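As structure tokens, the structure follows; a few thoughts come after it.
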Amino acid sequence: MNPRVLVQLARQLGSLTLTLFLSSVVIFCAVLLTPGDPVSAFAGGTRPTPEMIAAIRAEHHLDDPVWLQYLHWAGGVFTGDLGTSYVYRTDVVDLIAPRVGITVLLVAYAVVLIAVFGVGSGIVAATRGRIADRAVLIATSIGMALPTFVVAILLIWIFARVLGWFPVYGAGEGFLDELYHLTLPAISLAVLYIAYLSRITRGAVVGQLHSEHVETARVRGIPRARIFRRHVFLNASPQILAVSGATVAGLFAVSAIAEQAFGIGGLGSLLTEAAARKDVPVVQVISLLLVVVFVVLNALADVAIAIIDPDSVKPRRTA
Amino acid sequence: MSVAQLAGGRVSTALRRAARRDPLVVAASIVMLGIAVMAVFGPVLAPYDPDALYVGPISGPPTLAHPFGTDDLGRDILSRVLVGAGPSVLGPIVVVTISSVLGAAIAIGAAWFGGAVDAVSSRLIEVLFAIPGLVLAVLAVAMFGKGLLAPAVALSIAYLPLVARLIRALARQELAKPYVAALRVQGVGGAAICFRHLVPALLPALFAQATVGFGYAMLDLAAISFLGLGAQPPASDWGVMIASGQPALLTGAPEQAVIPAAFVVITVLAVNILGARVTAWAEGGDR
Amino acid sequence: MTAPVHGPVTASVHGPVTAPVLELDRLSVRAAIDGEARTLVHDCTIRVAPGEAVGLVGESGSGKTLSARAVAGLLPEGFSTGGAIRIEDEDLAALPSSRLRDLRARRIGMVFQSPRAHLNPLRTIGDFMTEALVSVAGAKPDAAAARAADLLAEVGIPDPSRRLRQRPGELSGGLLQRVMIASTLAMDPRILLADEITTALDVTTQEEVMAVIADLRRNRDLAMLFITHDLALAGAVCDRVAVMQHGRVIETLRASTMRADASEPYTKRLMAAALPEEERGAGADSTTGAAAPVLAVKDLRKVFSVRSERGFGTDRFTAVDGVGFELRAGSALGIVGESGSGKSTTARIVCGLETADAGTVTVMGDDWSRPARGAAERRRRARVAQMVFQDPYQSLDRRRTVGQTLAEAIGVHRPGLRRAELRERVDALLGTARLDVALAERRPRALSGGQLQRVAIARALAAEPEILVLDEAVSALDVTTQVEILTLLDGIRRETGVALLMISHDLETVRRLCDHVVVMRAGAVVEQGVIAEVLDRPQAEYTRTLLDSIPREGWVPRRRLAAARTTPLPTVATAATRTIRRGDLHE
């Protein structure tokens with residue numbers, strides 16, 4: 001890759017890092033904006049004595065200036081000290097760590113479904129004639145109106161009462177059993193995003209199919225499959241990659257709903273529970289994690305796009 | 001023939017012609033009209049008090065007296081769905097209104113002034129975009145407690161980047177067109193160019209985006225209620241009804257969850273169909 | 001067809017006697033547009049003999065591009081053809097699709113108007129050049145690469161092996177068009193379909209490309225179907241010329257004698273538009289030479305910052321460098337130059353759309369070098385200088401009727417005018433632009449390009465300006481419409497005494513309207529003076545090159561790549577404003 005592209009790429013990654021930093025500030029501010037005093041939140045229902053207040057303030061660095069509190073909190077990403085839960089009085093890290101695995105597995109499962117069926121149906125719609133296009137259009141229209149909680153209750157109804165092929169509750173034990181248990185939750189997560197990605201893929205592919213450079217390839221007698229691979233799909237892929245960061249970060253958030261519906265004790269159900277009990281420190285850290293996911297995936301997507309299309313990081317006009 | 005009859009006849013032929021040309025859009029419009037009527041007149045139309053317990057059997061199947069059946073506390077599901085329409089529609093309207101107005105204002109400002117204003121507002125938009133809407137809403141609940149107000153405000157902010165990105169791009173495109181340069185050369189003032197030419201040019205796209213956003217907002221708010229963080233039982237909010245109807249799925253009374261879910265899906269489907277149509281119309285204006 | 005038959009019997013004006021390499025036999029193209037079946041090309045019959053070049057000339061909507069696309073199999077979905085298309089006596093309609101693809105790949109080479117859009121931006125030039133050789137002809141990649149380098153050398157691209165590793169974004173439009181031509185040669189085609197291939201290029205680059213094509217045709221006995229809106233160009237490079245109008249071939253002429261042979265009034269109109277009218281002697285009035293200057297530009301300089309190719313820092317791109325000229329009251333001054341010459345930036349500075357970095361703009365004694373301060377000064381300047389832009393559709397607000405647009409322009413200078421008076425003024429302006437007053441109710445979409453440009457002129461005249469700046473104001477229009485607009489502008493100048501500052505890439509357009517001319521290149525003035533002197537006795541080498549590159553009878557295009565630009569211009573919004581003339585299909 002030539003140095004110009006690398007420099008530009010570095011600039012984009014720097015910009016993402018700045019976004020990460022500013023987002024973390026926004027999330028950190030949540031504690032400051034929360035009505036009520038963190039001290040009483042830590043004290044729980046009891047009426048703290050002045051000594052207890054002082055001890056709590058010291059333990060949680062509440063007497064430090066705000067910027068130092070921020071640094072302490074954000075630095076926790078590296079030191080593993082991400083603050084203390086109001087509710088459980090334990091380190092947030094200890095709450096989160098055991099629950100990350102199952103949620104990551106659930107989201108990964110959904111991502112596979114989305115990539116296969118979303119991109120696949122988008123390509124089918126764009127290339128397999130009017131009837132296929134119509135069929136996919138109708139399916140995705142309905143899919144875009146099927147949120148996770150609706151798919152979840154439909155699946156529970158159908159599989160619990162009628163079919164019984166898949167378990168409708170819990171996360172299972174061991175990898176294969178977990179996958180088996182996560183099938184319905186993953187489907188419920190994926191449906192809306194499959195429809196969304198299908199639309200994006202179709203649009204990108206149709207745009208390329210009608211592009212002038214594909215016309216050139218056709219006149220030159222290049223075989224259809226080769227045109228599709230090397231000129232249509234390749235050129236469409238940056239558009240698909242561009243939405244991947246936001247999509248996966250969104251999946252982590254929405255997994256809260258699937259976990260709730262199917263009784264899975266993952267990150268999402270922790271998020272819900274923490275929010276319901278006003279456990280701001282826990283919600284903050286999970287939010288920050290999702291922003292990190294968003295930024296990291298966008299960075300990966302940027303690199304992938306730069307490899308496919310160095311001109312996407314072309315110098316831009318400044319004045 | 002009376003004037004009313006004449007007008008009625010004309011309206012019905014116009015409707016029939018529209019129905020033939022674009023049946024989906026007409027169907028979607030009729031659905032939205034029905035939802036709007038429910039949202040406004042729901043409490044009047046409800047045959048029972050939605051919160052009255054044991055007006056029918058516990059988890060009763062659909063009957064003539066209770067067309068959608070009754071829930072686990074013997075409440076009439078039809079009445080609850082009718083009354084639930086109001087808050088279920090009002091929330092998204094608030095979200096869309098706030099995000100559209102603020103998003104468009106920021107976007108137009110960024111495109112108009114460029115330079116530092118553009119850089120700062122674009123950065124702000126990027127930051128907000130990095131936090132998923134649902135997470136921002138959940139964070140708001142953690143801060144301010146359960147209820148629909150905090151998530152609605154949070155979603156308004158979370159949707160702002162979607163509006164602002166689109167409108168900023170379109171505004172820049174519009175400002176680069178030679179007719180804007182022509183207006184400047186004619187000596188037309190900045191305010192006149194902005195409010196008499198630029199803003200009207202952006203309104204169709206803004207409206208299209210608002211329609212699409214309405215559907216998303218409805219899903220997100222229902223999800224918040226489903227999680228138990230939004231409207232609280234015994235409120236007859238559709239999301240709450242789906243959540244509290246979930247256990248009955250396993251006991252053979254699916255209508256408690258499925259019927260409110262169907263209302264959510266049908267409303268969002270109708271909005272999406274109209275949204276696609278409005279978007280096509282907004283883009284068509286550019287050709 | 002009444003044209004007399006001249007010349008050798010092997011190629012009568014109706015077509016060759018030997019088997020044609022390409023034959024359109026009563027070709028028709030139909031399409032369903034808004035549910036209504038329409039025939040866009042009627043009974044088009046054209047034969048191209050081996051080695052022969054046939055021009056297909058017409059204005060937008062004439063069906064010339066559709067005919068070529070039918071041959072290449074590029075008609076959009078929903079289009080159908082009637083009649084027959086034969087390549088070396090094989091009827092395309094009778095072939096199975098795999099055979100058809102192979103025949104097209106091996107026998108036809110097609111080159112398009114915009115090479116940049118027609119090359120995959122993500123793949124290297126080498127990949128593009130070798131793809132057909134590898135996937136259709138089954139060549140080994142190494143052999144294909146060697147052949148690709150040879151072909152690039154054949155079309156005169158220096159350092160071909162380096163170019164093979166580059167992507168389209170790194171090459172200038174002229175070079176890309178050569179790459180495109182070279183790529184068609186890979187399969188040794190019998191005929192080249194050239195669809196407006198030089199329309200998006202500067203005249204000197206056009207000459208380059210045409211010279212390359214002339215060499216290839218001579219060396220390879222390559223036939224060509226040359227589609228263009230430019231009758232003079234077609235006449236200069238083709239053996240025969242078919243003129244199309246409203247989807248029909250109205251006459252076919254031998255190129256060498258076409259001026260004498262043309263019998264259709266439409267063809268004569270096209271010729272009158274395309275060929276210089278020396279006898280009109282331009283718009284020069286002997287009196288204007290002595291008039292006071294309304295506009296004086298001195299040492300004008302404008303530098304844009306462009307983010308550097310290296311990826312960090314900025315490069316400085318000098319768009320205008322020390323430009324100076326005077327425009328006298330009631331006269332017409334042309335500024336001529338190719339893309340990147342800085343002519344449009346100069347115009348925009350005069351009208352206050354850009355601010356100069358150095359130099360002065362003096363208008364009727366006032367200093368306009370600084371941007372206007374406040375609304376009152378902006379309006380005062382607007383009363384003096386007005387502008388007409390290139391793109392007629394985009395220069396009007398599409399949501400407003402013509403009447404509303406004009407009323408707004410009038411209202412700026414005369415607020416509080418009563419409705420009836422306003423209406424009267426609008427009608428008067430429409431009259432000045434020779435437009436029907438009924439058009440006041442229409443929106444831009446319902447108007448033709450020529451009508452839109454008349455509206456733009458009327459709007460500019462609403463302020464009753466002293467100076468009218470025309471930034472490529474006719475270059476997006478069909479040639480016959482161009483002549484009408486130029487005639488209108490000349491009439492307006494004579495009636496109202498408004499001074500014209502005309503920016504154009506086209507010397508002939510400037511010659512029709514202007515009495516003085518400034519020739520610009522790369523931001524600087526190369527030469528200026530009275531039009532007849534500069535154009536008939538050019539002093540600067542560059543002016544001579546510009547004049548030589550204009551196609552005309554007996555024109556022999558020459559290669560001069562050494563002087564041409566090989567990398568794209570930096571992307572500055574104001575640079576390279578010349579729009580691409582869009583093909584018939586997209587109109």
Side-chain angles (χ1 to χ4, degrees), chain A residues 15-16 18-23 25-27 30-31 33-35 141-142 144-150 152-154 156-158 160-161 168-169 192 245-246 249-254 256-257 260-261 268 271-272 274-284 286-287 290-291 294-295 298 319, chain B residues 24 114-115 123-124 126-146 151 212 215-216 218-220 222-229 239 242-243 245-246 248-252 254 256-258 260-262 264-273 275-276:
Chain A
S15 160
L16 278 172
L18 183 59
T19 297
L20 178 59
F21 164 67
L22 292 173
S23 308
V25 171
V26 169
I27 291 168
V31 138
L33 294 173
T34 304
S141 297
I142 296 169
M144 299 274 274
L146 287 177
T148 299
F149 55 91
V150 169
I153 63 149
L154 291 178
I156 290 170
W157 174 35
I158 293 168
R161 293 293 298 183
V168 295
Y169 193 82
L192 194 141
L251 279 175
F252 270 99
V254 178
I257 297 160
Q260 161 109 346
L271 178 69
T272 311
R277 300 171 73 169
K278 302 191 85 171
D279 198 348
V280 176
V282 175
V283 177
Q284 274 183 315
I286 297 176
S287 307
L290 298 198
V291 175
F294 173 91
V295 167
N298 265 331
Chain B
L24 265 183
R123 175 61 59 189
L124 177 78
E126 278 312 302
V127 169
L128 290 179
F129 190 73
I131 310 174
L134 200 60
V135 171
L136 211 57
V138 170
L139 189 59
V141 170
M143 290 162 65
F144 302 104
K146 294 174 187 172
V212 175
Y216 284 122
M218 185 152 198
L219 295 184
D220 277 348
I224 297 283
S225 287
F226 177 82
L227 288 175
L229 304 176
I242 297 169
Q246 194 190 330
L249 289 171
L250 305 172
T251 60
Q256 292 179 26
V258 171
V264 171
V265 170
I266 289 169
T267 309
V268 173
L269 192 57
V271 170
N272 285 354
I273 289 169

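Remember, predicted model here, so these are calculated numbers, not experimental data. In the text below, chain A, chain B and the rest are named by the order of the sequence lines, each starting its count at 1.
In this structure the side chain of B:I131 never reaches within 4.5 angstrom of the side chain of A:L290, judged on heavy atoms.
Of all heavy-atom pairs between A:S23 and B:A130, the closest is OG-CB, 4.0 Å. Between A:A275 and B:L229, the shortest heavy-atom contact is CB-CD1, 4.0 Å. Smallest separation of non-hydrogen atoms from A:M144 and B:Y216: CE-OH, 4.0 Å. Heavy-atom minimum distance, A:T19 versus B:R123: OG1-NH1, 2.9 Å. Scanning all heavy atoms of the two residues, the minimum distance from B:L269 to A:S141 falls at CD1-O, 3.2 Å.
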(request) Step by step, work out the side chain to side chain contact (heavy atoms under 4.5 Å, CB included) result for B:V138 and A:I286. (result) CA-CA 11 Å; B:V138 170; A:I286 297 176; over 6 Å; no
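Among the candidates A:I153, A:L18, A:V150, A:L16, the residue making the largest number of heavy-atom pairs closer than 4.5 Å to chain B is A:I153. Ranked by heavy-atom pairs under 4.5 Å with chain A, the first of B:I224, B:V271, B:V265 is B:V265. Of all the listed residues (B:N272, B:L139, B:V258), the one sharing the greatest number of non-hydrogen pairs under 4.5 Å with chain A is B:L139. For the set B:A243, B:G215, B:A222, B:P260, the count of heavy-atom pairs under 4.5 angstrom toward chain A peaks at B:A222. Of the residues considered (A:A145, A:G245, A:A274), A:A145 shows the highest number of contacts with chain B, using heavy-atom pairs under 4.5 Å. Residue with the most contacts toward chain A among B:V141, B:D220, B:V268, B:L219: B:L219 (heavy-atom pairs, distance under 4.5 Å).
Using a 4.5 Å cut-off between heavy atoms, A:S15 touches chain B through backbone and side chain atoms alike. Both the backbone and the side chain of A:V291 have a heavy atom closer than 4.5 Å to some heavy atom of chain B. Residue contact with chain B, scored on non-hydrogen atoms closer than 4.5 Å, involves the backbone and the side chain of A:V254 alike. With a threshold of 4.5 angstrom between heavy atoms, A:A276 approaches chain B through its backbone and through its side chain. For B:L134, the part lying near chain A is the side chain, with the backbone staying farther off; criterion is any non-hydrogen pair under 4.5 Å.
With values rounded to the nearest 0.5 angstrom, B:L227 atom CG is found 9.0 Å from A:F149 atom CZ.
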